[in-house]
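Values below: every heavy atom of this structure, side chains too, minus hydrogens, waters and symmetry copies. Naming convention: chains lettered A, B, ... in sequence-line order (proteins, then strands); numbering from 1 in each chain. None of the values given here were measured: they were computed from a predicted structure.
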Amino acid sequence: MPELPEVETTRRGIEPHLVGRRVDDVVLRRRELRWPIPAEIKRALIGREILATRRRAKYLLLDNALGSAIIHLGMSGVLRVLPASTAVGRHDHIDLQLDSGRVLRFTDPRRFGCLLWQAAGETHPLLAELGPEPLSDDFDGARLFRLSRGRRGPVKNFIMDQATVVGVGNIYAAESLFRAGIDPRRAAGRVSLARYQALAAAIRDILNYAIERGGTTLRDFLNPDGLPGYFEQELLVYGREGLPCRVCATALKTLRLGQRASCYCPRCQR
DNA sequence: CATCGGACCTGTTAGC
DNA sequence: TGCTAACAGGTCCGAT
C-alpha cells in the first residue's frame with residue numbers, strides 16, 4: 001500500500017505520539033522480515049527518548065540520541081499507535097512500548113517490510129544510494145533529462161527507480177505519466193527536456209496532493225488514526241483498465257512493464 | 001553499466 | 001460453494 005504519500009501520512013499520524021516519549025520495551029514477535037531485525041535494536045531503543053521522526057524516500061526514521069530506527073512498510077506494512085492492551089494479531093510483528101501506556105505496532109502480512117538501525121552519523125547502505133526527494137529543490141525535469149540520456153528502458157521503470165527519484169511507486173508513476181501525457185513504454189532516453197519538466201511537475205503535484213488527501217486507500221490502507229486515505233477516488237488511470245479516460249473517454253489499456261501492471265490512455269499518452 | 005527476471009510472503013479476488 | 005491461479009502498494013540481487 002505505501003508509496004511516499006502513505007509513508008508521509010503515517011509519519012504525520014504517529015509523530016505526535018512518539019516525540020518526547022521514552023521507549024520502555026521492544027517486543028519482537030518475528031525477527032525475520034525482509035531482513036533480520038538487528039540484534040542491537042533493543043539496546044539502542046530501550047530506555048531512550050524518541051527525539052524526532054523523519055522520512056527518507058519510503059523509509060521512516062525514528063531518531064534518538066544514539067541513532068535511528070529505520071522502518072520500511074514494504075507492500076503491506078502498517079504502523080499504528082494503540083493502547084498497550086490492544087489484542088495482538090497474527091501479523092503484528094513488532095511493538096515499541098512507550099511510556100505513555102501506548103504501543104507503536106508494526107503489522108505486515110507479507111513481511112516485505114523491515115526494521116533496521118543506523119548509528120548516529122552513519123548512513124545505512126540501503127539509504128546511501130537513494131536519489132533526491134521529489135518534493136525538494138534537488139528534483140527537477142533537468143535532472144530526469146540528464147540521467148535518462150542513453151537509457152533504453154521504459155520511462156515508467158526509470159521514474160520508479162529509487163536512484164532516479166525516490167518515493168514514486170506503481171500508482172503514482174502511472175498517474176504522473178498520464179498527467180504529463182507520456183506513454184509509459186517510451187524509452188526514457190527519448191523523452192524531451194520539456195516533457196520531463198512536465199513530468200517532474202506532475203510527480204510533485206500529485207504527491208503533494210495525495211499527502212493532503214491522506215494517501216491512497218487500496219484495500220485496507222488506513223492511516224494511523226484509523227481513517228482511510230481519500231485519494232483513490234481521484235485516480236485517473238491506476239486500476240481503471242477498460243474504463244473511459246477521464247479526459248478523452250477512450251477506453252484505458254493495461255500493459256505489463258517489469259512485472260507491474262501499467263494502466264494508460266492510448267490516446268492521451270504518447 | 002543498463003536491463004531483465006526471480007525472489008521474498010500472505011491475503012484477496014477472479015475464474016472455472 | 002470450493003478450489004486454483006493470478007495478482008497486489010516494494011525493491012534487492014544476480015544473471016545477462
A:Tyr172 vs A:Leu207 side-chain heavy atoms within contact, under 4.5 Å: yes
Secondary-structure stems for DNA chain C, with pairs counted as Watson-Crick or G-U when both distances are under 3.5 Å and runs at least 3 long: B:2-8 with C:10-16, B:10-16 with C:2-8
Calculate the interatomic distance between [X] atom [atom1] and [N] atom [atom2]; express it in whole Å.
| X | N | atom1 | atom2 | value |
| --- | --- | --- | --- | --- |
| A:Ile71 | C:dG10 | CD1 | P | 18 Å |
| A:Gln162 | B:dA2 | CD | C1' | 17 Å |
| A:Leu130 | C:dC12 | CG | C1' | 12 Å |
| A:Asp161 | B:dC4 | CG | P | 12 Å |
| A:Trp35 | C:dC13 | CH2 | P | 6 Å |
| A:Glu129 | C:dT11 | CD | P | 15 Å |
| A:Glu32 | B:dT10 | CD | P | 12 Å |
| A:Arg34 | B:dA7 | CZ | C1' | 8 Å |

Residues within residues 109-119 of chain A bordering DNA chain C, heavy-atom distance below 4.0 Å: A:Arg110, A:Phe112
Looking only at side-chain atoms of [X], point me to the closest of [options].
| X | options | result |
| --- | --- | --- |
| A:Leu126 | C:dC12, C:dT11, B:dG5 | C:dC12 |
| A:Tyr59 | C:dC12, B:dT10, C:dG10 | C:dC12 |
| A:Ile171 | C:dT11, B:dG11, C:dG9 | C:dG9 |

Using only side-chain N and O atoms of [X], determine if any of them is under 4.0 Å from OP1 or OP2 of [N].
| X | N | value |
| --- | --- | --- |
| A:Tyr172 | C:dG9 | no |
| A:Arg90 | B:dG11 | yes |
| A:His91 | B:dG11 | yes |

Sugar-phosphate only, base, or nothing, as touched by A:Arg151 at under 4.0 Å among non-hydrogen atoms: sugar-phosphate
Touch class at under 4.0 angstrom, heavy-atom based, for A:Arg256 against every strand present: sugar-phosphate
P spacing across the pair B:dG6 / C:dA6, given as an integer number of angstrom: 14 Å
Euclidean distance for C1', B:dT12 against C:dT11 (whole angstrom): 22 Å
Can [X] and [Y] be counted as an ion pair, charged N to O under 4.0 angstrom?
| X | Y | result |
| --- | --- | --- |
| A:Lys253 | A:Glu241 | no |
| A:Glu8 | A:Arg11 | yes |
| A:Glu133 | A:Arg55 | yes |

Row check, A:Phe139 ring normal vs A:Arg143 NZ/CZ: under 6.0 Å, within 45°: no
Derivation of the salt bridge (charged side-chain N to carboxylate O under 4.0 Å, His left out) call for A:Arg21 and A:Asp99: CA-CA 6 Å; A:Arg21 298 268 66 85; A:Asp99 64 357; 2.5 Å; yes
Enclosure of A:Arg190 CZ (heavy-atom neighbours >12, cutoff 6.0 Å): no
Check: A:Glu175 main-chain N/O paired with A:Tyr264 side-chain donor or acceptor under 3.5 Å: no
A:Trp117 side, atom CH2; A:Ile37 side, atom CD1 - distance, nearest 0.5 Å: 14.0 Å
Please tabulate, for side-chain N and O atoms in residues 23-30 of chain A, each donor-acceptor pair with protein atoms closer than 3.5 Å (sequence neighbours left out).
unit_1  : atom_1 : unit_2  : atom_2 : d
A:Asp24 : OD1    : A:Arg22 : NE     : 2.9
A:Asp24 : OD1    : A:Arg22 : NH2    : 3.0
A:Arg29 : NH1    : A:Asp92 : O      : 3.1
A:Arg29 : NH2    : A:Asp95 : OD2    : 2.7

